[in-house]
Number of protein chains: 2
Amino acid sequence: MREPCGLRERKKARTRDAIVAAAIDLFETKGYDATTIDEIAEAAEVSPRTFFRYFDSKVDVLMGRKDEPEGDIPARLATRPPEEGPIEATRQVLHQELLSALTEDPLFVRQVRIMLGTPSLLAMAREHFHEHLDEMAADFATRMDVPPDDYRAHVVASAVSNTLWTVVARWVADGSDAERLVEMLDEAFDLLATGFDRPAATPAPTPTATGSA
Amino acid sequence: MREPCGLRERKKARTRDAIVAAAIDLFETKGYDATTIDEIAEAAEVSPRTFFRYFDSKVDVLMGRKDEPEGDIPARLATRPPEEGPIEATRQVLHQELLSALTEDPLFVRQVRIMLGTPSLLAMAREHFHEHLDEMAADFATRMDVPPDDYRAHVVASAVSNTLWTVVARWVADGSDAERLVEMLDEAFDLLATGFDRPAATPAPTPTATGSA
DNA sequence: CGAGAATCTGTCATAGACTGACAAAAGTCA
DNA sequence: TGACTTTTGTCAGTCTATGACAGATTCTCG
């Protein structure tokens, strides 16, 4: 599958890699905002116009990678037994192999680190994680026994997606190891599964203390 | 409170209002992306340079309003009894008066409608709802009995914030009335409070397949 | 009222992101 | 080698956004 047969193909792949490498390097040394496309192009030894033939925009160098593991989540969800709740199914999918793929990707952590250090990128990063929200919501709807397009399925899907991003962001910021990521994700998903208001949830506000912890 | 004493103040307010009105009108008629700042400036009868003296960017005309009700949430949370769980406390805050303020603002629905129709704005809209996340998380941490900066408090806060946005977006898209918004929000918050992996109502957390490896 | 300070505005010039058009260069194939 | 396709660079242009300067307006105080 990774067989760029012709000379042309190989050259294209090399150019693309050169642009990404040059961009990430520059982003890390002088910051994302302070890095211009002209500089990236010069460092990659292509013309600025060529940059836009490979990427639609500057953020695409960071977030436009097609090989990212999160994209598989909806497809993998379909393989889980329908009796599993949305949270448990997602947890199992992540455990299967996505988490390891994430932590083993050497570029991933560098990307997230750049995003965390660039306010203007945070919104887009979050949205990036939300890309397959509709597919996830469709899967969740059946697990929750609600109509296919019910807004509650969307609520759950966006909460799950958001949790994933929040946890990963914190994990990268902390610089913890792979085991810790699994641990944090499990704890967070436990919260999602069992609810945020441990004692209450009753219409009559019976403020039982938080003592259940 | 709304006393623009000096002539200068009033003129500034008028200019600002003119820019917002012209922008919203243009966004609705020809779309956000297709509307240039030059056009907004011309319609508002100011120079393009002046536009940037009132707003930092084009999106600021839509999302940079300082009088938006959501900003009060963290402050209002502080007034809720600490025994209330994060979800119940937020629900009460919203019920108090924020929801009515939201539905009664004539510009709000138009703004959200423009955002929903402009993909490039969706990410920013979401982020806009996330603006006071850290404050919310700090409040939630005490209610959850975890350290002040625990990532789990952030997970809950972002889930709540995200739920609010998801529900409001769906509500605007559906064109429902104010009662329906309260109803949807209550249902969604019930989900958050009791957990996502509960098919019907299982108070005792019976970990279905949590026999994880 | 009038002078001076502070503020607001328009014009000009500029940087950076991004796009279309066209021609030169390189790869492909007969 | 020569026709054909793809990739690339150059050029010109639009749009967003910002800094600098000068003129006009408003405010303040004597």
Side-chain angles (χ1 to χ4, degrees), chain A residues 3-24 26-27 29-64 114-115 118-121 123-125 127, chain B residues 3-24 26-27 29-64 114-115 118-121 123-125 127:
Chain A
E3 298 257 357
C5 303
L7 209 174
R8 212 178 255 161
E9 306 279 332
R10 270 175 289 157
K11 190 162 196 167
K12 256 180 93 167
R14 241 187 304 132
T15 303
R16 190 186 180 86
D17 290 347
I19 293 175
V20 171
I24 300 257
L26 283 168
F27 292 162
T29 52
K30 48 184 303 184
Y32 175 84
D33 287 326
T35 302
T36 71
I37 295 199
D38 285 10
E39 291 170 330
I40 300 174
E42 193 181 5
E45 293 183 311
V46 295
S47 77
R49 188 68 186 85
T50 295
F51 174 93
F52 286 105
R53 291 207 175 85
Y54 284 87
F55 300 95
D56 285 343
S57 64
K58 197 162 75 165
V59 303
D60 265 39
V61 185
L62 266 185
M63 301 201 260
I114 293 171
M115 293 174 195
T118 311
S120 62
L121 286 178
M124 285 180 255
E127 191 63 17
Chain B
E3 297 255 358
C5 303
L7 209 174
R8 198 128 72 185
E9 307 279 332
R10 270 175 288 157
K11 190 162 197 168
K12 255 180 95 168
R14 241 186 304 132
T15 303
R16 190 186 180 86
D17 290 347
I19 293 176
V20 171
I24 301 253
L26 283 168
F27 293 163
T29 52
K30 48 184 303 185
Y32 175 85
D33 287 327
T35 302
T36 71
I37 294 197
D38 284 11
E39 291 170 330
I40 300 173
E42 192 181 5
E45 294 183 309
V46 295
S47 77
R49 188 68 186 84
T50 294
F51 174 93
F52 286 105
R53 292 208 173 87
Y54 284 86
F55 301 95
D56 286 342
S57 64
K58 198 162 75 164
V59 304
D60 265 38
V61 184
L62 267 184
M63 302 201 262
I114 293 171
M115 294 173 193
T118 310
S120 62
L121 285 178
M124 285 178 254
E127 192 65 16

Phosphate contact (C:dT9 OP1 or OP2) by B:Thr15 side-chain N/O below 4.0 Å: yes

For [X] and [N], give me the distance from atom [atom1] to atom [atom2], rounded to whole Å.
| X | N | atom1 | atom2 | result |
| --- | --- | --- | --- | --- |
| B:Leu121 | D:dT16 | CG | P | 13 Å |
| B:Tyr54 | D:dA17 | OH | P | 18 Å |
| B:Lys11 | C:dT7 | NZ | C1' | 12 Å |
| A:Met124 | C:dA17 | CE | C1' | 12 Å |
| B:Leu26 | D:dC15 | CG | P | 14 Å |
| B:Arg10 | C:dC8 | CZ | P | 15 Å |
| A:Glu45 | D:dG9 | CD | P | 10 Å |
| B:Asp33 | C:dA17 | CG | C1' | 14 Å |

Heavy-atom protein contacts under 4.0 Å, nucleotides 18-24 of chain C, coded B base, S sugar-phosphate only, - none: BBBB---

Among C:dG16, D:dG9, C:dG10, the nucleotide that comes nearest once only the side chain of B:Thr50 is considered: C:dG10

Nearest to the B:Val46 side chain among C:dT28, C:dG10, C:dG16, which nucleotide is it? C:dG10

Are any side-chain N or O atoms of A:Glu39 and backbone N or O atoms of A:Thr36, one a donor and one an acceptor, separated by less than 3.5 Å? yes

Can a donor-acceptor pair be found, under 3.5 Å and without considering hydrogens, that links the side chain of B:Tyr54 to the backbone of B:Val61? no

Can you sort out the partners of A:Ser47 under side chain to side chain donor-acceptor pair (under 3.5 Å), two or more places apart, ordered by chain and number? A:Thr50

Do [X] and [Y] have side-chain heavy atoms sitting under 4.5 Å apart?
| X | Y | result |
| --- | --- | --- |
| A:Ile24 | A:Leu62 | yes |
| B:Tyr32 | B:Met115 | no |
| A:Asp38 | A:Phe51 | no |

Neighbour count >12 (heavy atoms, 6.0 Å) for atom NZ, B:Lys11: no

Between the base of C:dT28 and the side chain of A:Arg8, is there a donor and acceptor pair under 3.5 angstrom? no

